[in-house]
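Reckoned from all heavy atoms, side chains included, excluding hydrogens, waters and symmetry mates.
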Amino acid sequence: MKNSVTTILLTILGLLPLFAEKNGKWQLPETELKSLSKVMDNASKYSELNEEKLDSLKKVLHKPGIPKGSRTNVMIKLSKLYRQNMADSSLRYATIAMEESFLSGSPRERYLAELALSDALVASGFFSQATNYYDSLANIDVDKECRTEFFKVGRRLYSNLSSYVEDDSPMATYYQQKYVECDDSLVNLLPANDHFRQFIIGERMVASGKFAAARNELESLLSKLDKGNNIYGMTAFQLAKVYKSDGDQTAYASYLAKAAESDIICNAREGFALPALAAWLYEQGDFATAFRYINFALEDAYRGNARVRMVSMARWMPAIDEAYRLQISTSRNEWLIIATLASILFLALAVTSFFLFRQIRKGRASRDALAATSRMKDSYIGNFIGLCSTYSEKYYSLIKLVDRKISSGQASELLKVVKSGKFGEEENEDFYKEIDSVVLTLYPDFVEKINELLQPTERVRISGNLLTPELRIYAFVRLGVSESTRIAKILNYSVNTVYAYRNRMRNRAIDREHFEENVLKIGSTEN
């Protein structure tokens with residue numbers, strides 16, 4: 001679908017020089033446009049640098065002995081890095097972070113994980129779910145750092161919601177008010193020398209029409225930043241608005257180019273600078289450059305699944321259609337051409353709408369999956385509490401038995417009972433059954449996938465829903481417990497027994513060297 005929409009848009013822009021006269025009134029910012037084109041040519045390099053950052057964080061997850069809380073924090077960082085350039089990945093890591101935060105025992109980590117999930121849902125365009133998560137966190141007492149992050153997510157949420165409604169609607173006023181409230185809170189929470197705080201103050205000046213003061217504030221801030229800082233692009237975009245209000249169209253385009261350049265360097269695929277610059281160049285009659293920029297912006301938006309940016313570009317299509325009609329008004333075949341172009345535009349909008357509706361359906365599926373995960377979590381907690389209660393009852397029964405035997409002088413009989421090993425066997429069996437149930441619920445095809453990794457003659461069969469000791473050990477490996485010593489303590493095996501079982505399974509594998517890495521991929525969406 002992406003290719004078809006791209007082809008339609010490119011065809012339209014390619015036809016413009018045939019019907020329009022070059023009527024640009026403003027000098028093009030040649031230096032900035034050349035710099036932007038160079039960065040666009042090297043866009044893959046900046047994507048690779050971003051991937052290196054992501055890969056270094058992912059490697060941390062595979063380090064032995066990493067605490068659960070640390071894993072949650074790494075997942076949150078991954079979600080934040082993915083948020084502005086790959087919305088679906090941001091949502092996936094935020095969901096995992098929230099699931100793991102229930103196991104870490106830290107309310108703070110759970111709060112930050114749910115906040116990251118709300119932010120990822122905003123980036124993915126699932127505003128209803130994002131608002132529900134965000135509102136549920138509003139009255140929780142947290143530290144200053146968490147509160148600051150809360151309002152940063154809020155300003156992104158209400159900014160995106162505002163872009164979906166008409167400027168004069170009641171909801172637009174409400175969303176704008178909430179956006180301003182988040183900004184007020186951030187100004188109070190952030191240090192006076194914080195760059196993001198300075199940006200917010202400058203942005204507020206622009207919104208209130210104080211353009212001279214805004215220009216001084218924003219230009220001062222821009223001089224302190226480099227283009228690899230995302231705040232640079234945001235600041236340049238606001239400066240573009242300032243110069244547009246002053247009537248200096250060349251400076252307006254210059255700062256749009258700087259903002260777009262920063263967006264590409266930072267891998268921020270949710271920015272609007274490049275599409276806005278393409279529209280301005282079209283108005284100036286530079287169709288070749290506008291053609292390239294709008295194509296790049298569209299491809300970038302689809303690559304990052306930036307739904308807000310895609311919808312915004314779709315909204316510009318009727319305006320472009322109007323421009324076509326004005327430019328071909330002197331042609332004898334103008335009505336035929338207008339009808340043709342309008343049909344193409346409506347087709348492009350229909351295809352884009354189809355894609356967005358499909359994404360909405362996916363969002364509903366994600367919401368159902370989250371609900372199922374929550375129900376599963378409640379079930380496991382209940383089973384765990386029940387198991388603990390049973391152990392507690394048996395523990396007190398054992399104490400009474402010991403007291404009774406010793407009081408009646410039957411110490412020798414007590415010693416025989418203890419040496420027989422009967423105590424603990426039943427508890428171990430209950431524990432093993434619970435582990436097997438959890439694993440087979442989380443990964444219903446766990447045994448099947450393990451067998452795919454083994455030689456055909458070495459495949460494992462299980463009885464009922466009970467795993468073999470080898471499968472149970474590798475179930476813990478899949479759950480992130482890779483150290484043999486920890487597995488031995490949990491399963492009440494000797495360390496040597498765990499080593500022996502693991503080596504035996506590896507020796508039966510098709511790819512012995514990467515067997516355990518392949519086990520870790522079972523049930524993964526990347527698998």
Side-chain angles (χ1 to χ4, degrees), residues 24-37 39 84 151-152 155-156 158-160 162-163 167 172 175-177 179-266 268 270-284 286 289 293 297 309 312:
K25 301 177 182 178
W26 295 92
Q27 181 179 354
L28 301 182
E30 299 292 349
T31 302
E32 288 78 7
L33 293 180
K34 287 179 181 178
S35 180
L36 174 58
S37 293
V39 169
Q84 63 183 12
F151 289 116
K152 285 183 178 180
R155 83 187 302 271
R156 285 192 287 269
Y158 293 116
S159 173
N160 280 278
S162 296
S163 70
D167 291 340
Y175 291 143
Q176 185 61 29
Q177 180 183 353
Y179 179 83
V180 171
E181 289 174 3
C182 290
D183 276 354
D184 288 341
S185 299
L186 286 170
V187 169
N188 291 329
L189 287 169
L190 293 169
N193 61 347
D194 185 86
H195 290 158
F196 189 60
R197 182 180 185 275
Q198 294 171 23
F199 166 75
I200 292 173
I201 292 172
E203 184 186 47
R204 291 284 289 275
M205 290 175 178
V206 175
S208 59
K210 300 175 181 177
F211 298 116
R215 179 166 57 247
N216 293 334
E217 182 75 21
L218 293 170
E219 286 182 345
S220 173
L221 175 59
L222 199 69
S223 66
K224 303 172 187 176
L225 303 171
D226 61 65
K227 293 179 181 178
N229 187 326
N230 196 37
I231 300 177
Y232 181 99
M234 297 161 60
T235 304
F237 191 79
Q238 291 300 315
L239 275 168
K241 291 183 178 181
V242 170
Y243 281 103
K244 185 176 184 180
S245 71
D246 290 343
D248 189 342
Q249 292 284 330
T250 300
Y252 166 71
S254 173
Y255 279 100
L256 283 181
K258 291 178 180 180
E261 189 174 338
S262 178
D263 287 343
I264 296 170
I265 293 172
C266 297
E270 55 189 8
F272 297 102
L274 191 60
L277 180 58
W280 184 85
L281 288 169
Y282 163 74
E283 292 173 358
Q284 305 308 309
D286 189 348
T289 310
Y293 287 179
R309 196 182 192 189
S312 296

Grab the two heavy atoms, one from [X] and one from [Y], that are nearest each other, plus how far apart they are.
| X | Y | value |
| --- | --- | --- |
| Trp26 | Gly247 | CH2-O, 3.1 Å |
| Val242 | Ala214 | CG2-CB, 4.2 Å |
| Tyr232 | Ser262 | CD2-CB, 3.7 Å |
| Ala259 | Ala273 | CB-CB, 3.6 Å |

Residue pair [X] / [Y], side-chain heavy-atom distance below 4.5 Å:
| X | Y | result |
| --- | --- | --- |
| Tyr293 | Leu33 | yes |
| Lys258 | Leu239 | no |
| Leu36 | Ile264 | yes |
| Val39 | Lys227 | no |
| Arg197 | Leu189 | no |
| Leu274 | Leu256 | no |
| Leu28 | Thr289 | no |
| Lys241 | Tyr255 | no |

[X] side, atom [atom1]; [Y] side, atom [atom2] - distance, nearest 0.5 Å:
| X | Y | atom1 | atom2 | answer |
| --- | --- | --- | --- | --- |
| Asp246 | Phe211 | CG | CZ | 7.5 Å |
| Phe237 | Glu203 | CZ | CD | 10.0 Å |
| Glu30 | Ser35 | CD | OG | 13.0 Å |
| Leu221 | Asn216 | CG | CG | 12.5 Å |
| Phe199 | Leu222 | CZ | CG | 11.0 Å |
| Asp184 | Ile200 | CG | CD1 | 9.5 Å |

Qualifying residue, where the test is side-chain contact (heavy atoms from CB on, under 4.5 Å) with Ile201 and the options are Arg204, Met205, Gln198 = Met205
Check: Ser185 side chain, Glu181 main-chain N or O, donor-acceptor pair, under 3.5 Å | yes
Report the C-alpha distance between Glu32 and Ser254 in whole Å, list the side-chain angles of each, state the deciding distance to 0.1 Å, and finish with yes or no for side chain to side chain donor-acceptor pair (under 3.5 Å).
-> CA-CA 6 Å; Glu32 288 78 7; Ser254 173; 3.2 Å; yes
Residues Gln249 and Trp280: side-chain donor-acceptor under 3.5 angstrom = yes
Are Glu217 and Lys210 within salt-bridge range, i.e. N to O under 4.0 Å?
-> no
What residues, two or more places apart in sequence or in another chain, satisfy ring-ring contact (aromatic ring centres under 6.0 Å, His included) together with Phe196?
-> none
Count the heavy atoms of every other residue, nucleotide or ligand shown that sit under 6.0 Å from NZ of Lys152, and state whether that count exceeds 12.
-> yes
Full working for side chain to side chain contact (heavy atoms under 4.5 Å, CB included) between Tyr243 and Arg215 = CA-CA 8 Å; Tyr243 281 103; Arg215 179 166 57 247; 3.3 Å; yes
